[in-house]
S.K.: 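Sharing a structure here in structure tokens format.
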Amino acid sequence: MFRRILIANRGEIAVRVIRACRELGVESVAVYSDVDAGALHVSLADRTVRIGPAPPALSYLSANAVLAAARDTGAEAIHPGYGFLSEDHTFAAACAVAGVAFVGPPADVIARMGSKISARQLASQAGVSVVPGETPVDQSDDAVAAAACRLGLPALIKPSEGGGGIGIKRVRDAASLLAAIGQARREALAAFGDGTLFVERLIERGRHVEIQILADHHGQVVHLFERECSLQRRHQKIVEETPSTAVTPRLRGRMGEAASAVARAAGYRNAGTVEFLVEGSGDKALFYFLEMNTRLQVEHPVTEQTTGVDLVAAQIRIAAGEPLPWSQAQLLQRGHAIEVRLYAEDPARDDLPQAGPLLLYREPSMPGLRVDAGVAEGDEVPVYYDPMLAKLIAWGDTREDARRRAVAGLRGYPILGVRTNVPFLIGLLDHPAFVSGDIDTGFVDAERRTLVARLGGDPPPDALAVAAHAGESMLPDAPRSIVASDPWTTLRGWRG
Amino acid sequence: MFRRILIANRGEIAVRVIRACRELGVESVAVYSDVDAGALHVSLADRTVRIGPAPPALSYLSANAVLAAARDTGAEAIHPGYGFLSEDHTFAAACAVAGVAFVGPPADVIARMGSKISARQLASQAGVSVVPGETPVDQSDDAVAAAACRLGLPALIKPSEGGGGIGIKRVRDAASLLAAIGQARREALAAFGDGTLFVERLIERGRHVEIQILADHHGQVVHLFERECSLQRRHQKIVEETPSTAVTPRLRGRMGEAASAVARAAGYRNAGTVEFLVEGSGDKALFYFLEMNTRLQVEHPVTEQTTGVDLVAAQIRIAAGEPLPWSQAQLLQRGHAIEVRLYAEDPARDDLPQAGPLLLYREPSMPGLRVDAGVAEGDEVPVYYDPMLAKLIAWGDTREDARRRAVAGLRGYPILGVRTNVPFLIGLLDHPAFVSGDIDTGFVDAERRTLVARLGGDPPPDALAVAAHAGESMLPDAPRSIVASDPWTTLRGWRG
Amino acid sequence: MVKEPGTGNLAPNPEPRSAITVTALGHGRYRVSDGQRQRLAYAAGPPAARWVFLDGHVYVIDVTASRGSPQVRALHDEMALASPMPATVAMINAKPGRDVSQGDVLIMLEAMKMELPIKAPRDGRVKVVACAVGDLVQPGIPLVELE
Amino acid sequence: MVKEPGTGNLAPNPEPRSAITVTALGHGRYRVSDGQRQRLAYAAGPPAARWVFLDGHVYVIDVTASRGSPQVRALHDEMALASPMPATVAMINAKPGRDVSQGDVLIMLEAMKMELPIKAPRDGRVKVVACAVGDLVQPGIPLVELE
């Protein structure tokens with residue numbers, strides 16, 4: 001096992017990896033940008049290294065700065081988390097050159113799976129279907145539009161490189177095609193420095209279901225079943241769960257085998273996720289390979305809570321050369337897990353990311369609930385990074401148990417000082433369609449208006465009373481003994 | 001399902017039941033004594049009723065006050081938690097008369113199992129061995145001593161009624177017999193109002209292993225495997241785990257069947273626990289029925305974390321007449337769970353209970369860790385009740401994973417203002433004998449001196465530096481922005 | 001905005017004991033009771049923008065105002081017309097004196113590689129435009145004022 | 001008890017950069033670093049009895065004293081000779097002027113239906129006995145003083 005691991009990330013995933021290191025008896029090294037000097041991951045690590053100013057390109061995305069930090073602290077391995085350098089094959093290659101273990105697959109595998117074109121080829125060769133689509137050789141707007149029409153509308157236009165839902169446009173009619181292409185290209189250029197576009201047939205009411213893979217350095221590949229990630233807003237996941245209500249045992253077996261086949265064909269190592277689009281339902285549903293994510297997923301906890309496997313510890317053990325301790329037959333799903341992502345964003349304003357101070361931040365704690373967070377009360381949410389604050393994961397014997405527990409958790413999760421999507425998530429989990437499990441990738445965008453409408457409205461009398469009372473009694477850090485003797489204040493109502 | 005449930009308890013178990021009610025969509029009613037008006041369970045409930053002054057006899061032990069509160073709030077059921085009224089068969093009978101469901105077994109079953117004599121008879125009739133022992137008819141000190149000698153020394157002298165380890169004396173030689181009998185009788189009288197004593201053969205290096213039972217009102221009884229509770233100090237459990245390192249699959253099956261047989265013979269309903277003393281190890285180990293606890297156990301979470309069953313929800317559903325949703329074959333153990341009990345007590349002073357303010361109290365939060373707590377920062381720990389503040393439960397794929405996680409959790413669980421056993425628990429979990437699983441009921445008392453010795457000593461330089469720095473910078477509720485600009489203070493050492 | 005005790009009772013429950021009772025529990029926690037049921041609430045922030053969390057909902061309330069709803073709305077207005085983060089002004093569609101409808105994009109900002117539209121929170125007439133294309137604007141400061 | 005910066009260096013690591021650095025993180029949280037490794041610590045309470053949590057251990061430190069260890073010990077002494085809770089004095093074995101050995105039971109209290117022995121924290125001579133049999137004693141107040 002490694003003696004020391006550097007975590008090339010920030011936020012909740014850096015905290016998650018630091019904790020896994022501590023449990024494995026491995027020293028952790030946190031890196032941070034200037035605005036993150038007081039961040040939670042920096043507080044929790046055994047060692048810390050400043051790697052640059054706030055902009056990601058100068059810090060968390062700087063391969064040189066991260067490798068220098070690893071060298072200076074004697075770190076034997078680097079865990080990249082997700083995002084940032086995690087899917088940069090040049091970084092993985094640089095780690096190999098520097099003699100530092102990269103906790104992830106080999107550089108050439110990242111490169112092959114990172115290109116939608118070669119990944120689709122590989123999947124096809126492994127006998128797995130892909131969604132009809134192409135990266136037109138002629139990348140002029142007209143040629144891309146023509147390719148979309150050839151595949152048949154509706155279609156998706158998306159950056160050939162990239163992820164995170166950025167730049168993906170849904171086109172239903174030929175009239176809006178050119179505008180969408182222009183917008184997608186601008187956003188692709190701005191985000192990834194590459195405006196190459198990919199066009200794909202749009203599967204209506206499709207479900208986004210992915211399979212978790214683990215592969216060791218001794219030739220063993222196992223899958224850890226599916227995650228249902230259909231609840232997305234503008235192609236970004238916000239609620240994930242497992243098992244999927246759309247996946248039957250037989251379909252699960254077929255998809256698991258397909259994912260393992262793709263991983264074997266790719267010479268895959270470490271943790272990875274094969275994403276599928278599922279069309280139809282029942283044992284005979286069709287599923288298409290979308291892409292393979294060559295890293296830990298944000299939503300990995302739902303798999304951990306239902307399989308009992310610690311995926312981060314498994315990643316580190318695999319990177320240290322240990323064989324997988326389970327066979328496929330020993331891996332079982334138990335119960336149901338739902339994850340919701342808590343973002344600093346304003347659902348009433350098109351989910352605009354929010355920055356500011358966490359004036360009050362209290363995590364719920366109850367049996368069956370897990371919170372993976374990257375922040376603490378008093379922190380400042382910076383503007384430079386992804387605005388995800390935390391993830392709340394609820395486990396239950398049944399889907400309904402897990403759903404109710406997630407709602408109870410969110411109702412007891414006060415975050416004040418920045419707007420978050422907590423109220424929106426509660427509405428989503430309580431939506432009759434979600435309760436019945438009848439969801440697809442278009443659900444959130446279709447129901448957005450209804451869900452947001454419920455968030456508006458004037459504060460109820462109770463909230464006004466609390467606001468007024470807080471004004472009278474909010475002593476700075478009032479000790480409890482004083483508070484307890486505070487006479488009950490009665491407000492008898494007010495005029496509108 | 002009930003519309004409203006009253007929880008006749010306080011502390012972590014009241015909080016636990018309130019949360020289960022919320023998830024089931026049932027309204028919760030908290031009761032409280034005067035010192036508990038600001039307690040966590042009172043904050044979390046939907047309704048609250050003051051039931052009397054601080055002394056338990058005038059509040060939490062007052063059947064009349066509790067029943068009046070249930071009547072006034074329209075509660076349809078009462079959950080007694082553990083301790084207090086939970087094993088008082090007259091209270092269960094009074095609930096039946098009042099038309100309120102008692103979340104537990106029928107009054108007559110509580111009465112039968114509450115007497116060690118009739119419980120042992122029932123177990124014997126069900127074909128389960130009991131530890132040789134008796135309640136001498138002649139209760140004079142000399143006659144009790146003679147009975148102990150007849151059974152053979154070493155022996156245990158204990159109150160015939162009661163629990164919680166109170167009044168239990170271990171006698172190794174005839175010379176100390178009379179002194180122990182006198183002390184046990186005084187403590188039994190003070191605690192239970194009944195000085196009747198029971199003498200029992202002392203099984204050396206025995207292990208305390210108990211089996212969780214669930215029985216519904218439709219004739220189905222299942223067991224949920226064992227809990228190893230050998231780590232006790234003066235007969236009070238402080239660390240519990242499952243599976244037991246002493247129990248083989250075959251032994252587990254035999255003990256589970258024996259426990260189910262006792263439950264069936266007793267006409268048992270709801271959740272209960274059959275306690276056994278295990279002598280020897282391996283498939284052929286002997287086990288003796290000790291007693292049956294006719295209520296939820298403090299240590300129920302380790303069963304929940306390994307079986308996936310929510311025992312509190314199951315209790316409520318059974319009380320509402322629902323059938324058990326699982327057959328015995330569907331229940332499986334997964335991984336390993338360890339619970340440690342956090343007490344406000346001073347390990348360096350014979351575990352004297354402590355009272356006082358929780359100046360600082362922060363619960364750890366990490367995957368695989370569960371904290372069931374009854375307190376919050378700023379609370380005052382009162383002197384009137386059991387000084388248990390919280391339970392920390394760690395789950396892991398293996399025992400060693402769970403153990404490391406529990407240690408990591410305790411190292412990140414600061415409680416300041418009252419002494420707690422957190423440092424002692426860390427030493428216990430890190431003790432080589434615990435690491436290897438080689439423990440018995442005498443282990444803690446035998447190792448106490450060594451474990452406590454490690455707690456002493458002067459503060460290390462780091463702690464002194466923090467104490468000094470805190471003195472300079474502890475502004476009341478200093479906002480983070482000021483703190484962040486606080487220049488790093490360097491202390492370059494000091495003289496002893 | 002909150003009147004003296006006893007001057008009126010608009011609480012939802014018509015019974016006389018339905019007055020709302022608030023108890024500070026310390027550390028920003030409050031207990032709100034209508035005499036029957038109680039709930040936990042949390043509050044933080046200055047009087048002019050006090051944040052309240054109640055049962056999963058968040059409200060920002062100006063308690064300095066002497067009357068309730070208008071101030072709450074005005075505050076929403078202001079927040080809607082400010083950038084949520086440092087951003088660059090990419091485009092301005094608003095002109096003083098021009099009528100706008102709810103949802104109209106008044107200003108397009110660019111931040112974090114994304115376009116952030118600032119939309120009219122209600123129908124109204126533009127009074128002031130307080131920025132220019134290319135400006136780096138700070139969060140919380142209204143960029144447009146409606147009449 | 002803590003000298004001015006630069007007057008000495010008794011920290012465990014002999015390297016010049018091994019000075020201990022403490023950073024307040026707010027809300028009672030502190031970061032302690034020796035220049036290489038860092039740990040989280042927590043502190044609360046008044047200067048005369050400051051509670052510190054570090055890596056699973058708890059210390060109560062008197063930072064008003066000008067020198068370290070003796071004050072820490074004295075505080076331990078006092079705490080050892082006080083009741084941890086309201087209790088009744090059941091028996092007194094200590095007499096002024098009498099020598100006692102570490103572990104001797106000086107006073108037997110009764111509380112919560114249990115006997116609570118107050119034992120000598122070290123060898124010494126009894127100076128004062130500050131209670132009588134039957135007294136209801138309050139927590140934290142020393143019942144016996146050793147010379």
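Below, read A as the first sequence line, B as the second, and so on, with proteins coming before strands; counting in each chain starts at 1. Only heavy atoms go into these numbers, but all of them, side chains included; no hydrogens, no water, no symmetry mates.
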S.K.: Which atoms of Leu410(B) are under 4.5 Å from chain D, going by heavy atoms: the side chain, the backbone, both sets, or neither?
M.R.: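 Answer is backbone: N, CA, C or O of Leu410(B) sit under 4.5 Å from chain D.
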S.K.: Tell me the closest heavy-atom pair linking Ala41(D) and Val466(B), and the distance in Å.
M.R.: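 Closest heavy-atom pair between Ala41(D) and Val466(B): CB-CG2, 3.8 Å.
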S.K.: Please look at Val32(D) and chain B and tell me whether the side chain, the backbone, both or neither of the residue comes under 4.5 angstrom of a heavy atom of that chain.
M.R.: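 The answer is the side chain of Val32(D).
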S.K.: Is there side-chain contact between Tyr59(D) and Pro460(B), with at least one heavy-atom pair below 4.5 Å?
M.R.: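 SC-SC contact between Tyr59(D) and Pro460(B) confirmed.
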S.K.: Looking at Gly56(D), is its backbone amide N or carbonyl O close enough to the side chain of Arg411(B) to form a donor-acceptor pair, meaning the two atoms are under 3.5 Å apart?
M.R.: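 Absent.
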S.K.: Enter the distance from Asp462(B):CG to Thr21(D):OG1 here, rounded to the nearest 0.5 Å.
M.R.: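 Here the interatomic distance stands at 10.0 Å.
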S.K.: Less than 4.5 Å to any heavy atom of chain D: does that hold for the side chain of Ile415(B), its backbone, both, or neither?
M.R.: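 Ile415(B) touches chain D through backbone heavy atoms alone.
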S.K.: For the pair Val60(D) and Arg419(B), evaluate side chain to side chain contact (heavy atoms under 4.5 Å, CB included) and give the outcome as yes or no after the intermediate values.
M.R.: CA-CA 10 Å; Val60(D) 183; Arg419(B) 294 264 170 201; 3.3 Å; yes
S.K.: Which heavy atom of Pro461(B) sits nearest a heavy atom of Ile20(D), and at what distance?
M.R.: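 Smallest interatomic distance, heavy atoms only, reads CB-CD1, 3.6 Å.
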S.K.: Drop me the distance from Tyr42(D)'s OH to Leu359(B)'s CG, to the nearest 0.5 angstrom.
M.R.: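 With rounding to 0.5 Å, OH (Tyr42(D)) is 15.5 Å from CG (Leu359(B)).
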S.K.: Check Val58(D) against Pro423(B) and note the closest heavy-atom contact, atom names and distance.
M.R.: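 Result for this residue pair: N-CG, 4.4 Å.
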S.K.: Considering only heavy atoms from C-beta outward, does the side chain of Pro459(B) approach that of Val52(D) to under 4.5 Å?
M.R.: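 Contact flag for Pro459(B)/Val52(D) side chains = no.
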S.K.: At what distance, to the nearest 0.5 angstrom, does CZ of Arg29(D) lie from CG of Leu360(B)?
M.R.: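 If I round to the nearest 0.5 Å, the distance is 10.5 Å.
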S.K.: Does any backbone or side-chain atom of Glu345(B) lie under 4.5 Å from a heavy atom of chain D? Answer side chain, backbone, both or neither.
M.R.: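 Interface part for Glu345(B): neither.
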S.K.: Side chain, backbone, both or neither: which part of Val418(B) has a non-hydrogen atom closer than 4.5 Å to chain D?
M.R.: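 Contact with chain D: backbone only.
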